[in-house]
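Here's the structure we're looking at; comments come further down.
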Protein chains: 2
Amino acid sequence: MENLKTKILSYTKVDMDVLEREMKKYTRITLRKGDTLLEPGHVAAHMYYLEKGCISYHKEEEGEIKVLEFYTEDVYFTDLLSYVNQTPSKYYLKALEACVVLAVDKQRLERSFANSHQLERFGRLSMQEGFTKLLSRVERMSIRSNEERYLRLVEKRPDLFQRVPNYLIASYLGITPVGLSKLRKRLSKV
Amino acid sequence: MENLKTKILSYTKVDMDVLEREMKKYTRITLRKGDTLLEPGHVAAHMYYLEKGCISYHKEEEGEIKVLEFYTEDVYFTDLLSYVNQTPSKYYLKALEACVVLAVDKQRLERSFANSHQLERFGRLSMQEGFTKLLSRVERMSIRSNEERYLRLVEKRPDLFQRVPNYLIASYLGITPVGLSKLRKRLSKV
DNA sequence: TCAATTTATTAAACCAGTTTAATGAATTTG
DNA sequence: CAAATTCATTAAACTGGTTTAATAAATTGA
C-alpha cells in the first residue's frame, strides 16, 4: 500500500495513525486480462485505486465500443456518474491487462471524510486533480483534425500504444480502426 | 447572495455564522456583453460563481475559436487548469451577455477550507459535481456523428440556442458554422 | 436611423474518414 | 502446437463536412 500512502500524502498532511487506519479499509483485488470490475446496470459501490495495470472505462452499444478513458498506474478511478448518484451504470470498467486494484466502498470512504478534516481535504484535492485531468482530455478532444488529436495522444500518453489494442485507441480518438490505419499510413509517408 | 448560500447548503450543512462570514469574502462584479474576466497569459486568481448571465470558456488560436464550455446561472467556474497550478492561462473567460459574477480569491478560499471542515466538505462536493458534469460533457463529445451530438445538445441545453451565437455553438460541437448550417438544413427537410 | 460590422446561409469543389468486405497477421486457447 | 479467434491493414465506393467565396440578414453603435 506504499504507493497509495505516498499518493495521499502528496496531496496533504495526514497523521500516520489516521492513514494506517484508512489503509485497512481498502481491499486488494487482482484482475486477469478481460476481467470486469463494473458492468452496465450495476451501481458503482466502490472507489478504486490502480496499483498495477490498465483499465478501460467504456460503453458498448449496438456492437460499437466507445472508450471514454484509459486508466493506468497510480490513479483513482470509478464510474463517477454511477458512484455519485448511486444510479445504474451505463459503462464497463474492464482490465486490459493483469491488474492489481485497491477498492474501498463508498459508505466507508464517506465516513472517513466525515470523521477527518485531513482526509476530507485529501478527498477534495484528489477530486480536483481528477477534474483537471479530465479538462485536459476535453481540451485534447476539442481539436478538430484527427491527425492532430492522434499526434497529441502519441505525445501525451505514448505508453498506451504499447498496452492497448489499436481499435480501442481509435475509439478513444473518436474514429474507426480503418480511419486510424489510413491516418498512420499517411503520416508515415511524409 | 441568497442563491449562493442556497447552493452551498445544498451540498452540506454549514453553520450560519460560518456561512455569513464566508459570504463577506466574495465580491460582486458586473460585466457587460463582451467583457473579459480572464485572458491568455494571465493567472486565474479567483474562483467565480455565476449569479446571472452566460460566460464562454474558450481558446483563440490562428483566428479560430474553440469553445470548451458555456457557463450559465448558478454554477462555479474558473479556468481550473490555471487556477490549480497558478500557471498562465491559455483561455478566455468572456461574458456572452450582461453578467453578474461573485468572485473569491484562491488564497482566501483555501484558508476557508483549512479553517472549516464543513467548508472543506462543501469544496469537495462542489468539485465532485463539476467533475461529473464534465464527464457528461465528455460522454456527449464522444458521440461520433455531428447530427447526434447536435440533437443531444438541443435536448440537454436548449437555452444555449437562445443566448449564444451560432458559430460558438458550432465550435462547441466541434464543427464549422458552415457545417452546422448544412446539418440544420438537412434535419429540417426530414 | 442609417451606416458599419458581425453573423448566418448558400453554393461549389474538394477531401478526409466511413462502410463494407476481403486478406493477412497476431494472439489466444483447447 | 494447431485451430480458432481476434485484430490490423488495404481497397473501393460513398458521404458528410471543409474551405473559400459571395450574398443576405441581423445586430451594433455613432
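Both backbone and side-chain heavy atoms feed into the values below; hydrogens, waters and symmetry mates do not. Just so it is clear: chains get the letters A, B, ... in the order the sequence lines come, proteins before strands, and each one is counted from 1.
Regarding contacts with the backbone of C:dG17, every side-chain N or O of B:R144 stays at 4.0 angstrom or more from both OP1 and OP2. A sub-4.0 Å separation between OP1 or OP2 of D:dT19 and a side-chain N or O of B:K182 is absent. Distances shorter than 4.0 Å separate none of the side-chain N or O atoms of B:N166 from OP1 or OP2 on C:dT7. An OP1 or OP2 oxygen of C:dA11 is reached within less than 4.0 angstrom by a side-chain nitrogen or oxygen of B:K185.
The distance from atom CZ of B:R163 to atom P of C:dT7 is 18 Å, rounded to the nearest whole Å. Atom pair B:R184:CZ and C:dA8:C1' shows a separation of 9 Å (rounding to whole Å applied). The distance from atom CG of B:L173 to atom P of C:dA8 is 13 Å, rounded to the nearest whole Å. The CZ-P distance, from A:R186 to C:dA16, rounds to 6 Å in whole Å. The separation between B:F161 atom CZ and C:dA8 atom C1' is 15 Å, rounded to whole Å. One interatomic measurement links the two molecules: CG of B:N146 to P of D:dG17, which rounds to 5 Å at whole-angstrom precision. In this structure, A:R32 atom CZ and C:dT29 atom P are separated by 10 Å, rounded to whole Å. Atom P of nucleotide C:dA16 and atom CG of A:L187 are separated by 12 Å, given to the nearest angstrom.
Taking a 6.0 Å sphere around NZ of B:K25, one finds it holds more than 12 heavy atoms contributed by other residues, nucleotides or ligands. Around CZ of A:R152, the count of heavy atoms belonging to other residues, nucleotides or ligands within 6.0 Å does not exceed 12.
The nucleotide whose nearest atom lies closest to any side-chain atom of A:T176 is, among C:dA13, C:dT19, C:dG17, C:dT19. Checking C:dT7, D:dA8, D:dG17 against every side-chain atom of B:Y167, the shortest atom distance belongs to C:dT7.
Under the salt bridge (Lys or Arg N to Asp or Glu O under 4.0 Å) rule, B:E69 has a single partner from B:R157, B:K133, B:K94, B:R140, which is B:R157.
Ring geometry for B:Y71 versus B:F77: interplanar angle under 30°, hence parallel rather than tilted (30 to 60°).
Residue whose closest nucleotide on DNA chain D sits further toward the 5' end, between A:P165 and B:L183: A:P165.
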_Between B:Y172 and B:F70, is the ring-ring contact (aromatic ring centres under 6.0 Å, His included) condition met? List the steps._
CA-CA 9 Å; B:Y172 185 70; B:F70 296 115; 5.0 Å; yes

